[in-house]
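These numbers come from the heavy atoms of this one structure, side chains and all, not from hydrogens, waters or symmetry mates. Quantities reported herein were computed from a predicted structural model and do not represent experimental measurements.
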Amino acid sequence: MGGEAGMGGLQFDPEVSRKTEAMYTTSDMVEQRRIVRVALALRPGDRVLDVGVGPGLLAAEMAEEVGPTGRICGIDISDSMLAIARTRAGAGPGIELEAASVMRIPHPAESFDVVVSTQVFEYVDDVAGALDEVHRVLRPAGRVVLLDTDWASVVWRSSDDARMARVLTAFEDHLADPHLPRTLADGLAKSGFMLTHQQVVPLLNTGYDNRTYSAGLIDIVSGFVPGHGGVTADEARAWAADLRGLGAGYFFSLNRYLVVASAL
């Protein structure tokens, strides 16, 4: 989940933003950021735009890679996320943060060598328009790196499979497109990009542990789903308690998809 979220229904208020920050400090997300940085292949002096900068963890890591001659700009529609990003170590002169949407990036054409966005485009109603805007601010042959989830890939053990199915279906209401990775390559081509790399980025949590991505996701899901898809608050609480009670038998798996493309 990136900070551009809210466009599909999940509001990144201070409480949700704090929970998201905690999720993104887990070893799962540290490894995800490593994979994203490998795909970015940043060099000293690169100018980078982080769309949906969220808690600023990736931005701070990228700032170290581009060095003092580079530039890291982060945009987000959530004031709460931006407040957290500003407190990050390294979120000083080398990182510029601004409240803005991917639909209207506040920078001139050809301002950046690289645009990166993780867990954001699945929340965007007009993906084609967003990709056109990304293309506008990239220099010719500039790179875009996107990471999004196909939420149909979730495998989550439960003692009540029917309730799990209802909860996951209800949670999809927070997204504009819960299956975006299936069409993202076509969308990039139509917006003037050439696809150069694709890979799956799996998450796997076995045995319940508070220090995992999915443990944090339980709170996000159970807070959102009441009133969606017929799920009640009592059902959401029971669903969450069931998962936390599985102990060593807990199992969670999810696939994210990373794509890299160059602006033509």
E98: partners by salt bridge (charged side-chain N to carboxylate O under 4.0 Å, His left out), with sequence neighbours left out: none
Pairwise distance CD(Q119) to CG(L180) - rounded to 0.5 angstrom: 10.0 Å
Sequence neighbours left out, cut at 3.5 Å: what donor-acceptor pairs do the side chains of residues 184-191 make with other protein atoms?
unit_1	atom_1	unit_2	atom_2	d
S191	OG	D132	OD1	2.9
S191	OG	G187	O	3.4

CG-CZ distance between D50 and F112, expressed to the nearest 0.5 angstrom: 10.5 Å
ring-ring contact (aromatic ring centres under 6.0 Å, His included) involving Y208 - partner list, sequence neighbours excluded: Y250
By salt bridge (charged side-chain N to carboxylate O under 4.0 Å, His left out) - contacts of D219 (at least two apart): R244
Set of side-chain hydrogen bond (donor to acceptor under 3.5 Å, both in side chains) partners for D242, sequence neighbours left out: S158, S159
H135-F193 aromatic ring centre distance below 6.0 Å: yes
Exam field: side chain T169 to backbone R166, donor-acceptor pair closer than 3.5 Å: no
Min side-chain heavy-atom separation Y123-V102 under 4.5 Å: no
D113 bridged to R139 by N-O distance under 4.0 Å: yes
Under 3.5 Å, which donor-acceptor pairs do the side chains of residues 62-72 form with other protein atoms, sequence neighbours left out?
unit_1	atom_1	unit_2	atom_2	d
E65	OE2	R37	NE	3.1
T69	OG1	G45	N	3.3
R71	NE	E96	OE1	3.4
R71	NE	E96	OE2	2.9
R71	NH2	E96	OE1	3.1

